[in-house]
Enquirer: 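This is the structure, below, for whatever I ask next.
Owing to the predicted nature of the structure, the values given are computational and were not obtained by experimental measurement. Counting begins at 1 with the first residue of the sequence. Atoms within each ligand, like the ligands themselves, are counted from 1 in listed order. Note: hydrogens, waters and symmetry copies are ignored here, and every other heavy atom, side chains too, is used.
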Amino acid sequence: MKKTILVTGGTGYIGSHTCVELIQAGYDVVILDNLYNSSKAVLKRIETITGVLPKFYETDILDAEGLDQVFSENHLDAVIHFAGYKAVGESVSKPLTYYQNNIAGSLNLYETMKRHQVYNLVFSSSATVYGDPASVPIREDFLLGPTTNPYGTSKLYNEQILRDLSKAEPEFSIVLLRYFNPIGAHHSGLIGEVPNGIPNNLLPYIAQVAIGKRDYLSVFGSDYSTPDGTGVRDYIHVVDLALGHIKAIEYAFGRKGIDAVNLGTGHGYSVLQIKDAFQKACGKKIAFKIVDRRPGDIAECYADTTKAKEVLGWSAKYDIDTMCQDSWRFQSQNPDGIND
Ligand code: WQD
């Protein structure tokens, strides 16, 4: 009997890539999304890639009745919870919106799961829960926080809520996946990252410089204690990340309780190294200017990948050149995003 997975935020960047891999791994997928940061057109793209058009509900996690309807109309075996606002800078200027959506909305989801006795959950967390780490690579048993923005804080609070839920309701099986820096796109070029407005993140910004939508890349600081002075991050291919979710769902089905796992490559790349890798992938010069540091940024952040290998039997396999090539293919094939 096929298992059915509810994917909240399933038309989004990481969500859509995870839906493709879930379908191709033999799962039935139900997508719930409020389309705040994505387009319904992604559903047809998922069908083009997989041959399957996922069942879709245009629902907001803040709509408790709408959530209940999804659970009443489908026999769900597990939930992968991506839905949430995720722009670090925006979260600083709109903290109440971020806490309302990312925490109150998530509480609705967890209560609905409990009411419908759906006990398997994979939660989309983030390396931001580590704050500014004492050292790198970062292990899951590192101290958490203090976080440097409401987005990161909402992820940390969700993790705490889920730890408390797991203690009170032992039948739950919860996996917290802490993503590092997801980039790249499905090799078909049909799905990928479509930023809202001016990109906050490095890769989509560089991609827009490459297609001439932006004049140059502003490099936020070159005086960090890193090899070339620019920020170092653990960039991971979004398809590797999606495959990590398949392993996490299988891990959740086989146990009870709660566990946190890093999803990264274990390698750090600087801003200038990424700029150079993207130049190689797109064959164009990426103009850049060194400017002041961005408030809240840290120098270095990359994962210890030991636990992911041990408990999930998963490790990232795509290299930085593939990440940039796949990102460039999507960007050049979809200069105005996914709107068909
Ligand atoms: C990467 C590096 C910047 C833009 C955030 C969230 C994290 C996750 C990924 C959701 C840094 C530098 C960036 C630019 C630059 N999001 N940079 N010029 O801040 O590591 O992580 O996004 O899950 O949770 O915290 O990613 O891509 O914004 O920055 O120089 O125009 O690129 O200073 O060193 P970040 P990023």
Enquirer: When Ile, Leu, Val, Met, Phe, Trp and Tyr are grouped by side-chain heavy atoms lying under 4.5 Å apart, directly or through other members, which residues fall in the same group as Val92?
Expert: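 Members other than Val92 - counting any ILVMFWY side chain reachable under 4.5 Å - there are none.
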Enquirer: Measure from the side-chain N and O atoms of Asp240 to the backbone N and O of Ile236, and report whether any donor-acceptor pair falls under 3.5 Å.
Expert: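 Checked: no pair found.
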Enquirer: What residues, two or more places apart in sequence or in another chain, satisfy ring-ring contact (aromatic ring centres under 6.0 Å, His included) together with His245?
Expert: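 Partners of His245 under the ring-ring contact (aromatic ring centres under 6.0 Å, His included) test: Phe82, Tyr179.
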Enquirer: Output the rest of the hydrophobic cluster of Tyr98: all Ile, Leu, Val, Met, Phe, Trp and Tyr residues reachable through side-chain heavy-atom contacts under 4.5 Å, sorted by chain and number.
Expert: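 ILVMFWY cluster around Tyr98 also holds Tyr36, Tyr85, Val88, Tyr151.
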Enquirer: Do the side-chain N and O atoms of Glu73 and Tyr57 include a donor-acceptor pair separated by under 3.5 angstrom?
Expert: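 Checked: Glu73/Tyr57 side chains pair up, N/O donor to acceptor below 3.5 Å.
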Enquirer: I'd like the contact residues of ligand 1, where contact means a heavy atom below 4.0 Å.
Expert: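 Residue list for ligand 1: Val88, Ser126, Thr128, Tyr151, Asn181, Asn200, Asn201, Leu202, Leu217, Ser218, Val219, Phe220, Gly231, Arg233, Tyr235, Val271, Arg294, Asp297.
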Enquirer: Aromatic ring centroids of Tyr216 and Phe288 under 6.0 Å?
Expert: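 Not under 6.0 Å, so no.
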